[in-house]
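All remarks here apply to the structure that follows.
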Amino acid sequence: MIKAVRGTRDLLPPETALWNFVESAVRDVFRAYNFQEIRTPIFEPTELFARGVGEDTDVVSKEMYTWEDGERFNDKKIMDEWLRANESDDPSHVQAGRVNVQGSPPFLAKLKELGVQLQVWRGIQVPSGALAGRVEFVAFRPKVSSDAITALIEARKVAKGQYSQDFGNLAILLRLVVPDEAARKSPWVASKDIEIEGFAGNYFSSSQSLTLRPENTAGVVRAYIEHKMWDRGLNKLYYIGPQFRRERPQKGRYRQFYQIGAEVIGPPSAGSESPARDAEVLEMLATLLDRLGITGWNLELNSVGCAQDRAAFNEALRKALEPVVGTMCVDCQRRAVTNPLRVFDCKVPEDQPIIDTLPRISQFLDEGCRKHFEAVQQILTQVGVRFSLNDRLVRGLDYYTRTAFEFTHGALGAQNAILGGGRYDGLSEALGGPAAPGIGFAIGEDRLVMSLQASASGESVLKRPDVYVAALGAGMNGEAARLARELRRHDLVVDLGDENFRLKKSFEAATKAGAKYILIVGENEVKADAFALKNLATGEQVSVPRAQLAQKIQE
RNA sequence: GUGGGAAUAGCUCAACUGGUAGAGCACCGGACUGUGGCUCCGACGGUUGCGGGUUCGAUUCCCGUUUCCCACCCCA
């Protein structure tokens with residue numbers, strides 16, 4: 001049986017009704033704040049995420065779905081390189097390679113399994129020692145194996161120190177090497193006797209590394225720059241859609257997951273930097289959660305300052321950690337090196353007293369950032385949105401500035417954050433655009449729906465049929481369809497049976513569908529042009545003339 | 001990627017120290033030919049995730065593998 005791939009899932013009714021409920025509430029609420037929808041592609045150049053999210057983040061370095069798009073190879077370059085590589089080798093493997101590739105189905109199957117494509121050129125002359133007459137040149141190309149691409153990215157990273165430049169021009173040439181011994185023994189060399197040797201180079205004449213978006217902010221900012229959206233002043237944009245991360249699945253975290261997000265972005269002159277924007281976004285989120293009936297949420301707020309503030313803070317943090325880190329848990333010791341800010345996420349009870357003594361970003365805010373943060377708080381207080389300050393709340397990525405926030409909710413397992421966001425005044429510039437301060441957030445829709453399921457089920461938000469039209473007897477399907485069409489034009493939800501159903505079965509079907517009424521369309525009714533309409537809840541049944549049916553049902 | 005737990009009918013779950021698979025619900029049909037929900041009766045439904053091993057015999061014990069769940073890592 002073919003199953004949904006690991007970490008993905010089907011959303012089935014009635015649960016989908018809950019998703020629709022959430023999304024329509026989102027559209028309603030966001031609209032009231034004059035946000036408009038933007039839809040960006042679900043895949044983008046890999047470079048966008050490498051630069052936008054950060055190359056050294058886990059998301060980019062190991063959690064993306066990335067592939068090489070384009071099959072156009074520089075064949076001459078591959079052949080030249082292959083021949084050069086073989087001049088110094090024992091040419092016997094050329095012969096072995098030819099024989100076995102052509103004649104060894106298990107080996108070909110193995111290649112297919114690895115996602116490698118085989119291409120053979122005939123008639124290439126190879127150096128002495130090869131078979132007389134025709135020989136074959138054999139090259140292997142990785143198709144869209146993400147493992148192969150990941151391996152290449154790592155290899156290039158090591159080789160060049162960086163891979164941010166020239167990111168899209170990757171290829172690999174795999175060379176078949178068969179040990180002489182094995183080749184002599186049998187012309188049908190088993191796949192385990194074959195070694196595949198790989199080396200990387202620029203063999204694509206034109207191709208591009210693409211990635212399924214792991215988040216949507218980078219795409220939105222890319223679109224902002226590409227379409228010169230600053231010419232419209234302030235932009236308030238929202239999106240709803242799938243995102244992809246190659247993570248190990250756990251509660252509420254899937255490899256295809258859904259995010260609802262919004263961004264306020266524009267030139268500083270349009271007010272995009274104003275604390276009023278931060279407060280507006282936060283107040284909108286509070287309104288949305290209330291509207292969805294989510295109770296018990298908590299807004300946690302912090303300011304991570306400007307780039308300079310954070311540099312000073314990082315320095316101080318490292319200094320403060322140095323003498324004490326040895327006594328902390330192994331995770332913290334690792335974090336202290338890789339990402340000191342993450343030490344604040346530590347949940348080990350013994351480490352808490354140490355963490356309490358560490359410096360806080362709030363001590364390093366400059367005048368502007370402090371005033372900005374105070375203004376945000378003041379507006380929130382004035383509009384009556386509850387919040388709590390959490391000076392441990394930090395953001396790992398460089399372009400984040402000033403306001404950072406999370407809405408948390410209990411009963412969500414270890415991942416208690418239902419949405420998070422913050423200000424990213426430096427992102428547009430990091431992507432090559434003009435200064436465009438912005439603030440945004442992303443809601444994990446999967447988790448949002450999950451927390452709703454506790455209170456409201458899909459059933460409760462599902463619109464049940466108003467009426468079930470039961471055709472009764474031969475030739476009645478047409479009449480029933482006609483009636484259903486008329487009723488649907490009055491915005492009624494109508495379900496339709498079949499003339500072959502016995503009436504009992506129609507009643508059962510109507511009850512199961514949850515219809516309010518059942519409408520019987522039989523020979524008698526058609527003759528009289530008046531139809532038996534029964535209220536399934538009360539049992540009351542009346543005969544209603546055709547012209548009054550819609551009105552009667554709508555009552 | 002790491003660790004722990006799990007996988008039996010469409011769903012929720014049984015099956016004693018190894019003895020050849022069962023219930024409730026759902027679905028379909030009948031009791032009931034144009035009147036549902038309730039009741040009763042019946043039928044359907046499985047290579048026990050997959051592969052290997054031990055055994056006369058494996059759902060059960062062992063190994064591998066895949067997937068799911070929970071957590072770690074990380075994170076909007």
Side-chain angles (χ1 to χ4, degrees), chain A residues 1-9 12 52-54 56-64 147 150 213-218 220 239 243 245-254 257-263 285 329-332 334-335 338-339 341-342 345-348 393-397 400 404-408 412-422 424 440-448 468 470-473 476 497 499 501-515 517-525 531-541:
Chain A
M1 182 174 46
I2 299 175
K3 298 199 285 189
V5 303
R6 174 176 201 168
T8 70
R9 58 177 177 158
L12 307 176
V53 180
D56 295 323
T57 62
D58 276 16
V59 170
V60 169
S61 61
K62 63 184 190 197
E63 291 174 357
M64 299 201 302
D147 284 347
T150 304
R213 62 187 188 196
E215 53 91 44
N216 216 333
T217 298
V220 169
Y239 59 84
Q243 321 289 337
R245 279 185 208 170
R246 200 174 182 289
E247 296 178 292
R248 185 127 172 195
Q250 58 176 295
K251 189 173 184 63
R253 305 181 76 171
Y254 300 90
F257 58 102
Y258 295 82
Q259 282 190 336
I260 298 165
E263 318 287 349
L285 285 165
C329 67
V330 286
D331 281 340
C332 282
R334 183 178 40 71
R335 290 182 186 122
T338 59
N339 196 346
L341 291 179
R342 289 282 149 225
D345 289 339
C346 182
K347 291 160 192 130
V348 178
L393 184 64
V394 291
R395 293 278 110 130
L397 309 183
Y400 275 111
F405 58 89
E406 278 181 6
F407 281 74
T408 57
L412 279 176
Q415 280 72 46
N416 62 350
I418 203 166
L419 70 90
Y424 45 81
F441 61 85
I443 305 172
E445 191 176 3
D446 303 76
R447 276 194 234 163
L448 181 64
Y468 182 97
L472 183 64
M476 289 299 122
E499 64 187 23
F501 290 178
R502 288 178 299 104
L503 192 59
K504 173 186 162 59
K505 181 167 174 174
S506 291
F507 266 84
E508 285 170 350
T511 303
K512 199 190 299 178
Y517 289 94
I518 185 168
L519 180 68
I520 299 169
V521 183
E523 215 172 327
N524 301 339
E525 283 80 2
F531 299 82
L533 182 70
K534 182 169 183 177
N535 184 317
L536 284 165
T538 64
E540 180 197 3
Q541 181 169 332

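Chain identifiers are assigned alphabetically (A, B, ...) following the order of the sequence lines, protein sequences preceding nucleic acid strands; residue numbering begins at 1 within each chain. The shown structure was predicted, so the numbers you read here are calculated from the model rather than taken from an experiment.
For I443(A), the side chain to side chain contact (heavy atoms under 4.5 Å, CB included) criterion is met by I260(A), L285(A), L288(A), L419(A), F441(A), L448(A), not counting sequence neighbours.
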Each nucleotide N or O in nucleotides 37-39 of chain B that has a protein N or O under 3.5 Å away: list the pair and distance.
from	atom 1	to	atom 2	distance (Å)
G37(B)	N1	L536(A)	O	3.2

Could you list the protein-to-nucleotides 24-28 of chain B atom pairs, N/O on both sides, closer than 3.5 Å?
from	atom 1	to	atom 2	distance (Å)
C27(B)	OP1	K512(A)	NZ	3.3

Every protein N/O within reach of nucleotides 2-7 of chain B N/O, cut-off under 3.5 Å:
from	atom 1	to	atom 2	distance (Å)
U2(B)	O4	R248(A)	NE	3.3
U2(B)	O4	R248(A)	NH1	3.2

Between the protein and nucleotides 65-67 of chain B, which nitrogen or oxygen pairs come in under 3.5 angstrom?
from	atom 1	to	atom 2	distance (Å)
U67(B)	OP2	R6(A)	NH1	3.3

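Nucleotides U8(B) and G22(B) are separated by 10 Å at their C1' atoms, to the nearest Å. Only the P atoms considered, U67(B) is 28 Å distant from U54(B), to the nearest whole Å. Straight-line distance between the C1' atoms of A7(B) and C50(B): roughly 11 Å, to the nearest whole Å. Rounded to the nearest Å, the gap between the C1' atom of G36(B) and that of U12(B) is 27 Å. Between U47(B) and U59(B), the distance separating the two C1' atoms is 12 Å to the nearest Å. Look at the P atom in both C32(B) and G45(B): the space between them is 27 Å, to the nearest Å. The separation of U65(B) from C74(B), taken at their C1' atoms, amounts to 27 Å, rounded to a whole angstrom. Between A58(B) and G51(B), the two C1' atoms lie 15 Å apart (nearest whole Å).
Between G1(B), C69(B), U35(B), one nucleotide has an atom nearer to the side chain of P249(A) than all others, and that is C69(B). Ranking G36(B), G1(B), C74(B) by closeness to the R246(A) side chain, first place goes to G1(B). When the nucleotides A76(B), G36(B), C69(B) are ranked by their closest atom to the side chain of Y254(A), C69(B) comes out on top.
Among the atoms of the strands shown, none is found under 4.0 Å from any heavy atom of I518(A). Here E406(A) lies out of heavy-atom contact (under 4.0 Å) with every strand. Note on E247(A): a base of the nucleic acid sits closer than 4.0 angstrom, heavy atoms only. Across all strands, E525(A) comes closer than 4.0 Å to base atoms (heavy-atom distances). Within the nucleic acid shown, G420(A) comes within 4.0 Å of sugar-phosphate atoms alone, with no base atom in reach, counting heavy atoms only. Contact annotation for N524(A): base contact, defined as any heavy-atom pair under 4.0 Å involving a base atom.
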Handout entry: Intra- and interstrand pairs of RNA chain B - dot-bracket, Watson-Crick/G-U under 3.5 Å, | marks other strand
Key = (((((((..((((.....[..))))..((((.......))))......(((((..]....))))))))))))....
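Between the base of A76(B) and the side chain of R447(A) there is a donor-acceptor pair shorter than 3.5 Å.
Put simply, the side chain of R248(A) reaches to within 4.5 Å of the side chain of R6(A), judged on heavy atoms.
The residue among Q541(A) and G421(A) whose nearest nucleotide of RNA chain B lies closer to the 5′ end is Q541(A). Nearer the 5' end of RNA chain B, as judged by each residue's closest nucleotide, is the contact made by I520(A), out of Y239(A) and I520(A).
A 6.0 Å sphere centred on CD of E523(A) holds no more than 12 heavy atoms belonging to other residues, nucleotides or ligands.
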Problem - F507(A)/L536(A) under side chain to side chain contact (heavy atoms under 4.5 Å, CB included): CA gap, chis, key distance, verdict - result: CA-CA 9 Å; F507(A) 266 84; L536(A) 284 165; 4.0 Å; yes
